[in-house]
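First comes the structure, then the notes that go with it.
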Amino acid sequence: MALIVQKYGGTSVGSTERICTVARRIARHHRDGHQLVVVVSAMSGETNRLLALAKEISPNPDPRELDVVAATGEQVTIGLLAIALQELGLKAKSYTGGQVRVLTDNAFTKARILKIDEEPIRKDLSEGTIVIVAGFQGVDAAGNITTLGRGGSDTSGVALAAALSADECQIYTDVDGVYTAERITFEEMLEMASLGSKILQIRSVEFAGKYKVRLRVLSSFDDPESQATGTLITFEEDDTMEQAIISGIAFNRDEAKISLMGVEDRPGVAYAILGPVAAANIDVDMIVQNIGASGHTDFSFTVNRSEYQKALDVLARDKGRGFSARDIIGDNRICKVSLVGIGMRSHVGIAAKMFKTLADEQINIQMISTSEIKTSVVIDEKYLELAVRVLHRAFELDVPPRQERMQSERQQGTSL
Ligand code: ASP
Ligand code: MG
């Protein structure tokens, strides 16, 4: 018998039908003899909807009150899941963060977990009850409701697993953007998370590393009776013989590219272009500057798609003042595809193989960036599925990418 913490994200509990599917999956694990603590997110889109309501009333809502509003999303799903499990004849009981008590600091909208009272949970578990806990939320020392930042249910799950010394924390997701080998190291998972794969909140991975929580990512698309083992995130660089050189492919559709043509090639020009962009709080990802010819150069960078127009506006405002450019061209139908693997450190030719694989499919690479353990390319969005599929095959990753998973991610856009 193992103690397992399972976390289900927004799409997995996005409808009552899906909640019933989750209940069946939990029932199967319970039948296998495990003790289960289940953490859930709000139904997909719900947190966005709640935050938007507050913004309809005030452009700058008080963070304490924002948390009061946002935390209700998870309260709905814990209750519904408990009801679904009870319908299956199982004992289940739901808890809000404050009821558990997940004690946090008082940094509203981005609180950090300080302590979890695990005794009441242990008591329920010993009586055969399945415990369901609201993700994303806690309570500060004064009793105020707090939330942990977007995507925070992952951190709730990992923190509960740490507090209970659970045998494993299983994150069930259907938010894709990541295809991985059966095992991936923490370092690689962090890189994947930072590449926008959205599969895990970065903080949850750091938390798992710190407390040595055994973390596994699984697909909630699989049949509830499926014995699929997902991806285990390991602490040590793998010692098995056939360690994959590439451990994962991450992709991000939320990118947009801006190119400034014919910019003067002089000291300070990068700052003149990007300084005001940073001042407008716009995150810049990749940056490419060409070699200068006859005193001019081309300069390109990528931003999050949601900030694309804002970035263009800033540049239009400054063009001819801070810098001069012949033309500013934007493209918001691009995506970024990245290969991640610590094997890149010791193997040459990985990037070349990636480029050849894409070239064989006539996929044009628009930008490239590399770090020690990743190679990213920007390509036309319409080639995303194809690129992931062929790279997957070329680098022999185990879990086949699934058309329906990628499609579902597309419908959701930025998934929660
Ligand atoms: N519901 C919260 C969010 O949308 C927390 C989570 O889903 O992890 O960010
Ligand atoms: Mg999430």
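Both ligands and their constituent atoms are indexed starting at 1 by order of listing.
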(request) Take every heavy atom of Gly73, measure it against each atom of ligand 1, and state whether any distance is under 4.0 Å. (result) no
(request) Please indicate whether any nitrogen or oxygen in Thr47 is less than 3.5 Å from any nitrogen or oxygen in ligand 1. (result) yes
(message) Listing request: all salt bridge (charged side-chain N to carboxylate O under 4.0 Å, His left out) pairs with a residue in residues 23-42, at least two apart in sequence or in separate chains.
(response) Arg28-Asp32, Arg31-Glu225
(request) Closest by any non-hydrogen atom to atom 1 (N) of ligand 1: pick that one out of Glu74, Glu46, Lys7, Met43. (result) Glu74
(message) I'd like to check which ligand 1 atoms, numbered from 1 as shown, lie under 4.0 Å from a non-hydrogen atom of Arg150.
(response) 3 (C), 4 (O), 9 (O)
(message) Taking the basic N atoms (NZ, or NE/NH1/NH2) and the acidic carboxylate oxygens, is any pair closer than 4.0 Å for Arg214 and Asp167?
(response) no
(message) Using the salt bridge (Lys or Arg N to Asp or Glu O under 4.0 Å) criterion, which residues pair with Lys110? Sequence neighbours excluded.
(response) none
(message) If the threshold is 4.0 Å, N to carboxylate O, is there a salt bridge linking Arg345 and Glu187?
(response) yes
(request) For Ser41, take its heavy atoms, then give the atoms of ligand 1 lying under 4.0 Å from any of them. (result) 6 (C), 7 (O), 8 (O)
(request) Identify, by atom number and element, the atoms of ligand 1 in contact range of Gly151, meaning under 4.0 Å from any of its heavy atoms. (result) 3 (C), 5 (C), 6 (C), 8 (O), 9 (O)
(request) May I ask whether Gly152 places a heavy atom under 4.0 Å from ligand 1? (result) yes
(request) Kindly determine whether Asn106 and Arg112 satisfy side chain to side chain donor-acceptor pair (under 3.5 Å), including the steps that lead there. (result) CA-CA 8 Å; Asn106 64 357; Arg112 289 192 172 256; over 6 Å; no
(request) Just say parallel, tilted or perpendicular for the rings of Tyr172 and Tyr8, cut-offs at 30° and 60°. (result) parallel
